[in-house]
Amino acid sequence: MVAEPAHVKNLTASQLLQLADEIRYELITVLARNGGHLGPNLGVVELTIALHRVFNTPKDRFVWDVSHQVYVHKLLTGRKDRFNAIRTTGGLNGFALRTESPHDCYGAGHAGTALSAALGMAAARDKRGSDEHVVCIFGDAALTNGISFEALNNIAHTTKRFIGILNDNEWSIAKNVGAISNYLNKLITNPRYNQIARDFSNFVRRLPKGELALKLAHKAEGGFKGAITDVGLRQTGSLVDADGRGGYGSPIIFEEMGLRYLGPIDGHDLPLLISTLEFAKTCDQPIVIHLLTQKGKGFDAALKSPEKFHGTGPYDVRTGDALPAKPGAPPNYQDVMGQTMVKLCQKDNTLVGITAAMPSGTGLKHLEKALPNRYYDVGIAEEHAVIFAAGMATMGFHPVCAIYSTFLQRAYDCIHHDVCLQDLPVIFCMDRAGLSANDGPTHHGLFDIAYLRCLPNVVAMAPKDEDELADMMFTATHQQHPTFIRYPRGVAEGVPIKDQPKLLEIGKAEVIQNFSSNGRHKIALFGLGPMNTLARKAAAQLAAEGFDCAIINPRFTKPLDAGTHEFFGKAADMIVTMEDHALMGGYGSAVLELYSEKGVTTPVVRIGWPDQFIEHASTQDELRRKYGLTVENTVAKVKTQFGEATAKVTKLIEVA
Ligand SMILES: Cc1ncc(C[n+]2csc(CCOP(=O)(O)OP(=O)(O)O)c2C)c(N)n1
């Protein structure tokens, strides 16, 4: 397999096809071990080869939306030798990363950013008078995202040279939803809309094998939505009726926005792709090329289950079957959340569930299946999801937005302006609060306590286990204020879940173990959420070493249980706060603020994530060890304070 873009340029047509096969083999075998975005990458093999054949990165710029589909690009840009360690500790990141390669001109992980970023680059290029090409590759689901339309609205009046590639495979993670998705379907299936411009056809005819390529452009391969049998050939501009709005009186939305539209085109036909991109290079007007691709092409299991293979864990390379879970493994938090939603909705008609394109990731698929009329998938549109929920809340409903902590960041103004300011009873189930280890910094949810606790009216909680998650969801349904519940990715603690969840007292912590007052140094350990397990283990170890330990489950980061924190603050010789969140502005900070107000001067050790973006790794435990979010480090910190430490203390953990 070739390793550099320059090599791609020297291959013959048949060698290019062989390269595509080799890349598919590499993707399927490596991801069987490491997991990752298999389906999306199998779908862009030919496209990525064609891009590197026609353009010259790093001078030319490829901007990928989400950038989960850049594995092929990584393989072709000098990272082949490190590909087998993708998404593992010290290995390649699973997304485009500016620090990883000069060929990654723009990093991402969140959807909907590529068109804006690419347009910014094109504007900068025009301003400085250079001549590089900017190519933006975005999926059909990117068009469910508002930012993409904000960018499309700006392209034609900002630059004349912009190449957009719409990679349409009909899928978001789940099946794509909404009017735009239906519209794209219409573009593909209705011959009236299929436009191959005369200048493009002339351009292609002049190329070797051009007639054949053109024929291929005129028909969709089996497996696509519909046969394109009767593609209209039009003179460039023949449909152009300048309407004074920058549009062209065309049924094609891109043309209405002042962009040329070419397509739909078979995105797996390599010669055709190369010709099309060569043509795009010559255009002196922004252009969108609409490609039809198949998510998972080349691997049967992925073709059959596009959702599962969008982002997969390790699998059996022969069958595609997921590796069996450990027998007796606890359920995932996501499933507990989805099943609890079903239970709660069955008893409370005001509840509805809202997801922004993540039915399986959040577990809301359980609700979709059991009670479809209580379930909304709004597309990759977190801002819309939150304001939509606010609207429903004004009508007496109790909407539950299930959104990852990291993706909710995008909707911050909506949380502030629409939900909190109007004090509306929207419930937020913030999944992936904590690390998303293989994905890395774009996906870690380490900032939500900080970004929420400064907002008035907020009730924010974190369960220590899955049973308490159900209690918190139940409690939230009794609230008339914005309520946020943060919980981590993956396997829960394995505790039994009560049939009937119980109502928790708002702002009340749970004292799991009080001091025994045996005359020894008193340590109060406050373990928030899943860190409570570590707090209990640390307490056991400290007790064995002669300390008197109390263990508290804070439950609420807002309102903080001032009474319990103050009581232990005054009674203890040392306080330890433990959180799966950035230290800056997090739960420990809230405790320090409270102690400052109350005049509590007991030393506080805060365990949490330092003030830096945390990289990806094979497992969460590795990162916790590296940054000191461990029992050992907690014990060592306590002992150091009392001058008893022999263990090495991780410097990155602050002692306040
Ligand atoms: C803001 C945000 N919300 C949700 C996601 C989760 N997510 C990752 S990829 C994806 C679907 C992308 O679909 P599309 O752009 O069509 O690309 P495809 O995978 O189909 O090639 C979603 C919803 C995200 N990355 N960013």
Side-chain angles (χ1 to χ4, degrees), residues 27 36-48 63-73 94-96 107-117 136-149 164-178 180-181 184-185 267-268 290-297 302-303 305-312 334 354-362 364-365 377-386 401-412 414 430-432 436 438-445 489:
L27 290 172
H37 290 104
L38 181 64
N41 280 284
L42 288 174
V44 296
V45 172
E46 287 80 10
L47 169 62
T48 313
V63 187
W64 307 83
D65 201 65
V66 188
S67 86
H68 60 310
Q69 72 291 61
V70 292
Y71 298 5
V72 186
H73 167 74
F95 298 93
H110 292 198
T113 63
L115 283 158
S116 299
C136 173
I137 304 101
F138 58 102
D140 48 309
L143 292 179
T144 61
N145 190 283
I147 312 177
S148 297
F149 278 90
I165 300 190
L166 167 56
N167 174 32
D168 183 359
N169 54 27
E170 295 182 49
W171 288 82
S172 178
I173 291 179
K175 191 81 178 163
N176 202 5
V177 294
I180 292 289
S181 166
L184 292 178
N185 203 37
H268 298 299
H290 185 177
L291 300 186
L292 305 187
T293 62
Q294 280 180 302
K295 226 167 169 161
K297 187 171 174 70
L303 281 172
S305 316
E307 186 165 1
K308 175 173 168 242
F309 282 93
H310 171 87
T312 174
Q334 291 59 55
I354 300 169
T355 176
M358 308 296 287
S360 28
T362 58
L364 224 49
K365 65 176 183 205
D377 178 352
V378 300
I380 313 178
E382 287 78 8
E383 298 114 300
H384 166 58
V386 173
C401 284
I403 299 181
Y404 291 8
S405 162
T406 185
F407 299 148
L408 194 59
Q409 288 161 190
R410 172 151 305 166
Y412 191 57
C414 318
M430 295 186 296
D431 197 302
R432 281 13 175 217
S436 196
N438 305 116
D439 291 319
T442 52
H443 283 57
H444 298 326
R489 174 181 201 168

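For ligands, and for the atoms within them, numbers begin at 1 and follow the listed sequence.
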Can you list the steps and then say if His443 with Phe95 is a side chain to side chain contact (heavy atoms under 4.5 Å, CB included)? CA-CA 11 Å; His443 283 57; Phe95 298 93; 3.4 Å; yes
Would you find a donor on one side and an acceptor on the other, under 3.5 Å apart, between the side chain of Asn169 and the backbone of Gln294? no
Would you check if the side chain of Thr144 reaches a backbone N or O of Ala141 as a donor-acceptor pair within less than 3.5 Å? yes
Pair Ser405-Arg432, side-chain donor/acceptor within less than 3.5 Å: no
Thinking salt bridges, do Lys295 and Asp168 make one under a 4.0 Å N-O criterion? no
Proximity of His310 and Trp171 rings by center, below 6.0 Å: no
Under a 4.0 Å heavy-atom cut-off, what residues line ligand 1? Pro40, Val66, His68, Gly109, His110, Ala111, Gly139, Asp140, Ala141, Ala142, Asn167, Asn169, Trp171, Ser172, Ile173, Lys295, His310, Ala357, Met358, Ile380, Glu382, Phe407, Arg410
